[in-house]
Structure formats: structure tokens, C-alpha cells
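Structure, as C-alpha cells:
Source: prediction; values computed, not measured.
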Amino acid sequence: MPPAVRLQRAVALIGSFPALAGVDLEVTPGEVVLIQGPNGAGKTSLLRACAGLLPVSSGRAEVLGEDLARRQRAVRRRVALLGHATFLYDDLSVIDNVRFAVRAAGAPARDLGAALARVGLDGRLPRTSVGRLSAGQRRRVALAILLARRPELWLLDEPHAGLDASGRDLVDEMVREAAAGGSTVLLASHEADRARPLASRLVAMAGGQVQGEELVLWGGSPPNTPERVHVA
Amino acid sequence: MWRDAALVAGKDIRVELRSRVATNQVLPFALLVLILFAFALDPDRGFLGQAAPGLFWVAVLFSAVLAVQRSFAIEASDHAREGLRLSGLDPAGIFLGKAAAVAAQLGVLEAVLTAGVVVLYGAHLEGALLLLGTCLAATVGLAAAGTAYGVLAASLRVRETLLPLLLLPVVAPVLLGATKAWEAGLAGHPAQGDPWLRLLAVFAVVYLALGVLAFGPLLEES
Amino acid sequence: MSGLIDAGYSVVLVSVAAYSAAVVYRHRSLARSLPPPTPDAEPEEEGEWQ
Amino acid sequence: MIITRRQARRPLTSSSSRRPGSLVRTATGVVGLASVAATVWLGLWVTPPSTNLGQLVRLLYIHPPVAWVAYLAFGVTAAASLLYLWRRTRSVVWDRLAAASGEVGVLFCGLTLVSGSIWGKATWGVWWTWDARLTSTALLFVLYLGYLALRRVPSDPGTRAKRSAVAAILAFADVPISYLSVYWWKTLHQTGTVLNPQRQVHVHGLMAWTLLLGFCAFTLVYAWLVAHRYAVEALAERQQGEGLARALAERRAEGRAA
């Protein structure tokens, strides 16, 4: 089985700014990797590059066994990116948005109501225009799309942001379920207390490069004493 | 490709049905253009009746620019354009879907404008088959070229000003061909309109083909 | 009549001359602002460019 | 974008004036200038007035050559854009050539319109008539003005190259269609200045040679201008490329500092 993500000296440019300045990273399927780093470290760019949104201009980049330089589009149906933007159409109703996103990804549009109920959007909410929802509710719609799509690689950029306590618990639950179901999760978060217990590995980024890695034992290891495996 | 096209067209039309921007803004704008022409040309001397085909198609052209801008404005909110790229939809399908949605809106607009030129300019509709065929070919051509240029300009900060400059010279043959075909139809000489109809069909086919080929690379440019 | 002919010639010649001057000036000033090219510069440590 | 990176290390420009490419360029410029001067001299003073056009025939020595260069330039832009878009021949060379040729083409297209308009004033008594050739040339002019406007929008070089190439193809596909439509619409312009058999009688001897010289002269000037404009494009990219190498280093230093 090929690694879920394999980056070797990957450079990605935004305009003429090197958002990724040579990233080395390998993620095996089923892992939950937490990417940490200060603002501007390149976390979001890394996730966007893995989604095939930000072209990798040099180095090697493979996601789910596909070469991103050549087949940028091939991975997109198997990958989901949840970022600052939720990619929803304000004028469409919640259920129409979910149906469009799920069918566009090539997944069967079944049990959409169940997915929406799971994220707490039921009653008359599915028929409401997304434009009338609060920021937190919009993120819940995006979570419902993730649930219905069942992607192989989850790229979560600050998934807890803008959610209330139950929403944050829901994100944690979903990440655990995804990993248990064989999916791979790349998670960028500033909320270390929240995200660390989810992760099987920590990756520290700064200046558009990976600066170090730590392996966290599943489940119970205290967040401040991880087993340090490798420091670049 | 066709499945994706149907999905995208359905989505765009659903957005329009719920937001009614084309109905509430583009359509009144087109009618306003018809009325302004009457101010500019003396309505009592019968200029309007003679110029009806040209004025009709100029109004359609300007409205087409607005429709294309609207079509890509809905992808601009909440980074939906990125969502579209991320979705893994076939770019050719996205192109055809968006063009079909624009064409459908233009079709409705043309129907209303036709009533407008009959009522306001006193045009007599003859050779209905030619008029209809012209509308069909011209609309497909406008929608195809418009969608191709729409995605070209969509990622630029100056898109509102650049799109008309890029699109209008390209669709000038459509204006010419459709006007001449309508003139022939309204004058009761449908045979004279045939070469123009063929020209419109060629334009539509060329820009559909180019759009299918070019939409993918253009959509990828963020 | 001959005025029109002179006008035709001068418009063409003056415009081409002005554009040439602008392009050559831009070329010169850019070339001066950049160091001369070094064709055998060592590649950076990135290695393979795809 | 990738090529720009390579550009940062190994510039392809021939900015140093001792290179052979630059020598050819200078020679083209000198010969072009001399032949333009010769065309003007022959056209204004040496050649006789024509029997049916009178003195007006003198405009004939510059208007068709200028128009020819405009069409040639747009043709080159379209061909270079195609070569850029085709994966196997993709190279920044074609993008620069398309940009250079497009800009020179717009200049010559504008001059075609102006000199054609002067011709029209002299023959028909009006500055502008809606005849087929004038109208389609005007459309062409606006079409490529849009292309240049698109090129000037600041963006990432690779993105801009691809976008501009597509725009050039989309515009170029319109040229035959719009020409045909305008041609059907109205035809007033004398068709073909040199190849038309009826007119050929009047363009002979020294006049024919002057016209031929005019074509060569303006084509050489075109080549020279494109060569310079190409170098400007390449240098501007190099300037950007060197900025990029610095940016990459700064970005990494940022990481080490953190």
C-alpha cells in the first residue's frame, strides 16, 4: 500500500512567495498527524498542496499513490479539505449544498438527512439557505459533507475553529472514526490541548519546512511527555 | 462529462431560482436598454422598427456580459471556485454545465425581449423558424464564449472591467450574424438569413470546442 | 492631397521610432540594473526540478 | 512557474552586447532602418505618380506593408501561444515571443488603421467607412488590445503565461469568423492591392520594387522590435526570478530562527 502522503523537498509558491520551502513528510495510511507551528509556518499551504490546490513546483509530491505534479486532479475525489472556507453556495439550501458536494465527489447521495442530523442540523434547517446560517452552522454543514463523502484522506485546517463545545466534540469523534475506518487525517491546529490526544504523530513546521517530528503513543500518553523519535 | 455538466447546470439554475438575480436585475436591465434606445433614436420616424433586430441583439449582448459575471460571482463567494476544483468534477463538464445555465437564462431573457421589441418598437415577427434558430445558435455561441472568457477573467481582481473588453470584440460576429438573420426573418426573406445562421452555428461549435479544451487549465489557475 | 500623404508617412515613421526608442530604453535600463548573466552558475541544493 | 525557477539560476537572456544573437539583432536593425529610409526615399521622391491614383499611390508603399506586419505579428502570437500550450513544446520562450509579437502587432495594427483612414480620406473623402477590411481590422485591434490588457494584469508568471496563451487562441479563433461576417456585411474596399489582376497593371517597374522593399523593410523592423521586446520580457522575468531566490532563502532563515 502506498503512503497516504509522501513529500520530498516539496516547494510550492504563492505568486513568488515560497509558502512551502522544501517539505519532507511521509504519512502512512490510517495515521492521524497533527501539524503544529506558528502563524505563517506553511501549515495551510501544506494541506492545500496535499489537496492538489496549490501546485508543487519542485521536489516530489505523491498523495494516495498519485503524483501531484502530473495528476493533480486525480486525487481530488478521494481527498477532502476543510479549511477556513467551507465552499458553500449562500443561495442554496443546506441540503442542496450537501447533495451537490457529495454528488460532485462521486459519492452516492444517500443518507444525507442522517449526516445532517448527526452534525445537529435537523428540523427546518436543511431547507434553509446557507447564507442565513451562522459561521458555526456553516462549519457543521461542511462536516456533514465530510461524513457523507467518506474521503480517504482528510485535510483539516483548524477544524475546531468557530465551533461550540458540542461541535468540537463532534470533530474529535469524527477524526477518531475516520482513523478507525482506515482513513488518514492531516490536522493543522493551534489548539494543542484539544488536537494532541487525537494525533498519532506531531509534525512541527516553521518557515515553510518541517522542523521536527514526535511520535505520540495512541490513547493515553500525557501530551507533554511524548516519545521523541526524530528531530530534524 | 455529461453527468457533471448536468450536475453543475442544475446547481447554477437552482441558485438562480432561489436568488433571482437574473430575473430581478439582468432582465430589467435589458428592458431598460430597449427603452433607452427609444430615447436615443426618434421613435416617431420608424427608426426603431427598422433597427429592432440590432437593438434587440445589442441588449442581449450586454445582458450576456452580466449573466456571465453573475455565473462566476456565485463561484467567488466562500471560495466556491476552489470547492469546484476540489470536487474532482470534470472541467469540461463544469464548462458545459455553466454554459448551459447561462444559455438557459439568456433564452428566457430573449423571449421577454422579443415581446419587448414587438410591443415597444412595433416589430412584426415573421419567419418564426429562422428567428428561433438564430436565437438558439446565437445563444449557444454567446454562452460558450462568455463562459470561456468568464473563467479566464474570474481569478483577476480587475474582472469586472476586463471581461467586457475581452468578450465583446469576440462576440461581435454573433451580433452581426444574429442581427442580419433577424432582419432577413422580419423582412420575410428567410432564405437570406441562412448563411448567417450557418455562421452563428460555426461560432457556437468553435467556442464550445475551445471552451471544453481550455476550461480545465484556466480553472486550475488560482 | 500631398499633406495627407506626408501625414501618413510621418504617423507611421514617428510611431515606430517612438516605440523603438521606448523598447530599447527599457532594454538598456533593465540590462544595467541586473548583473550580467552567469551561464555556468551552480544549481542550488534543491536538486531535481520536475 | 517551474521554468521561472530555472530561469533564476540559468538566465537565457543575451543581454551582453557581444553575443552573436545580439549581433544578428543589431544587423537586422541597421538593415531595417536603411531599407525603411530607402522605401521612404523611393516612395516620396523617386517613383512617378500613378496614372489613375495620382500622388496617392505613394501611400501604397507603406500602408500594405504595415498591415502585413500587423497580421504577421498576430499570426506569430497565435502560433507561439499554441506552441506554449502544447505540452511537448512548452517553453517560456513561446510566452515571451507571444507577448513581444502581440505588442508590436497592436502598434502596427493601430498604424494600419490610421494610414488606412488617411487613405480613405484621400480616396473617398471620409476618414472612416464601414467597409469590410477597415471594420475587421478595427475589431482585430480591439481584440488584441484586450489581450495586452490581460497580459498586464500582475500575476504569477506561469499562470499568466498559460492564461495569456489561452486568451490568444480564443481571440485568434475569432479572426476568420469575424472577417467572414464583416466581409459578408459590406464590401467596399478594393480587394487585393498587389494580387488583383486589374490593379497589377498599375503597380509595375520601380513601383513594384518599392512596394516589395517596403514589405521587407517593415518585416525587418518587426523582427528587430520583437527581438528587443523579447529581451525586455526575459530580463523582467530574470529580475523577478532573482527576487524569488532571495525570497526562498529568507523563508528558510525564518524557519531556522523559529
Side-chain angles (χ1 to χ4, degrees), chain A residues 12-15 19 45 47-55 66 71-93 95-107 109 127-133 135 138-139 141-142 145 149 151 153 155, chain B residues 1-26 70-98 101 105 154-157 213 215-222:
Chain A
L13 305 175
I14 299 175
S45 299
L47 295 183
R48 287 168 58 85
C50 291
L53 268 185
L54 183 62
E66 303 275 9
R71 294 165 52 80
Q72 215 184 20
R73 234 161 31 80
V75 297
R76 288 186 184 159
R77 285 197 177 189
R78 304 160 64 193
V79 169
L81 175 70
L82 177 63
H84 309 293
T86 45
F87 313 128
L88 299 173
Y89 295 97
D90 283 359
D91 294 316
L92 288 183
S93 67
I95 185 88
D96 284 343
N97 261 302
V98 175
R99 188 177 295 124
F100 176 71
V102 170
R103 288 175 62 185
R127 310 245 159 256
T128 314
S129 289
V130 165
R132 297 207 195 121
L133 298 185
R138 290 178 82 104
R139 294 195 72 82
V141 178
I145 293 173
R149 272 187 57 186
L153 175 63
L155 304 166
Chain B
M1 180 168 94
W2 300 111
R3 188 200 75 98
D4 291 356
L7 195 62
V8 171
K11 184 263 296 172
D12 273 17
I13 288 172
R14 201 177 278 268
V15 167
E16 169 50 27
L17 288 179
R18 286 182 72 108
S19 70
R20 302 208 171 263
V21 169
T23 336
N24 295 343
Q25 292 171 24
V26 180
R70 168 66 186 157
S71 172
F72 286 92
I74 59 178
E75 305 297 345
S77 72
D78 199 10
H79 300 77
R81 209 172 116 82
E82 271 186 1
L84 221 47
R85 287 166 61 192
L86 268 177
S87 65
L89 285 169
D90 182 358
I94 301 177
F95 168 75
L96 291 175
K98 290 199 84 69
Q105 293 173 27
S155 63
L156 305 173
R157 256 168 293 165
L213 291 175
F215 199 84
L218 290 175
L219 189 68
E220 290 304 321
E221 311 300 348
S222 41

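- Taking the ring pair (Phe, Tyr, Trp, His ring centres under 6.0 Å) definition, one finds that B:F72 meets it with nothing, sequence neighbours left out.
- Here the OG-CZ distance, from B:S87 to A:R103, works out to 13.0 Å after rounding to the nearest 0.5 Å.
- Proximity to chain B is absent for every atom of A:A101, based on heavy atoms less than 4.5 angstrom apart.
- The contact between B:L84 and chain A is made entirely by side chain atoms (from C-beta outward), counting heavy-atom distances below 4.5 Å.
- Nearest heavy-atom pair, A:R77 versus B:D4, reported as atom, atom and distance to 0.1 Å: NH2-OD2, 3.5 Å.
- Between A:L53 atom CG and B:H79 atom NE2 the span is 10.5 Å, to the nearest 0.5 Å.
- Within the model, atoms CG of A:D91 and CZ of B:R20 stand 12.0 Å from one another, a figure rounded to the nearest 0.5 Å.
- Heavy-atom distances place the side chain of A:R138, and not its backbone, under 4.5 Å from chain B.
- For the pair A:Y89 and B:A80, the tightest heavy-atom approach, listed with the atom from each and the gap, is CE2-CB, 3.6 Å.
- Of all heavy-atom pairs between B:R18 and A:S129, the closest is NH2-OG, 2.9 Å.
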For side chain to side chain contact (heavy atoms under 4.5 Å, CB included), just list the numbers for B:R14 and A:S93, CA-CA rounded to whole Å, side-chain angles, deciding distance to a tenth of an Å, and then say yes or no. CA-CA 10 Å; B:R14 201 177 278 268; A:S93 67; over 6 Å; no

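- In terms of non-hydrogen atom pairs under 4.5 Å with chain B, the most contact-rich of A:R149, A:R99, A:R78, A:R76 is A:R76.
- Around the CZ atom of A:R132, the shell of radius 6.0 Å holds no more than 12 heavy atoms that belong to other residues, nucleotides or ligands.
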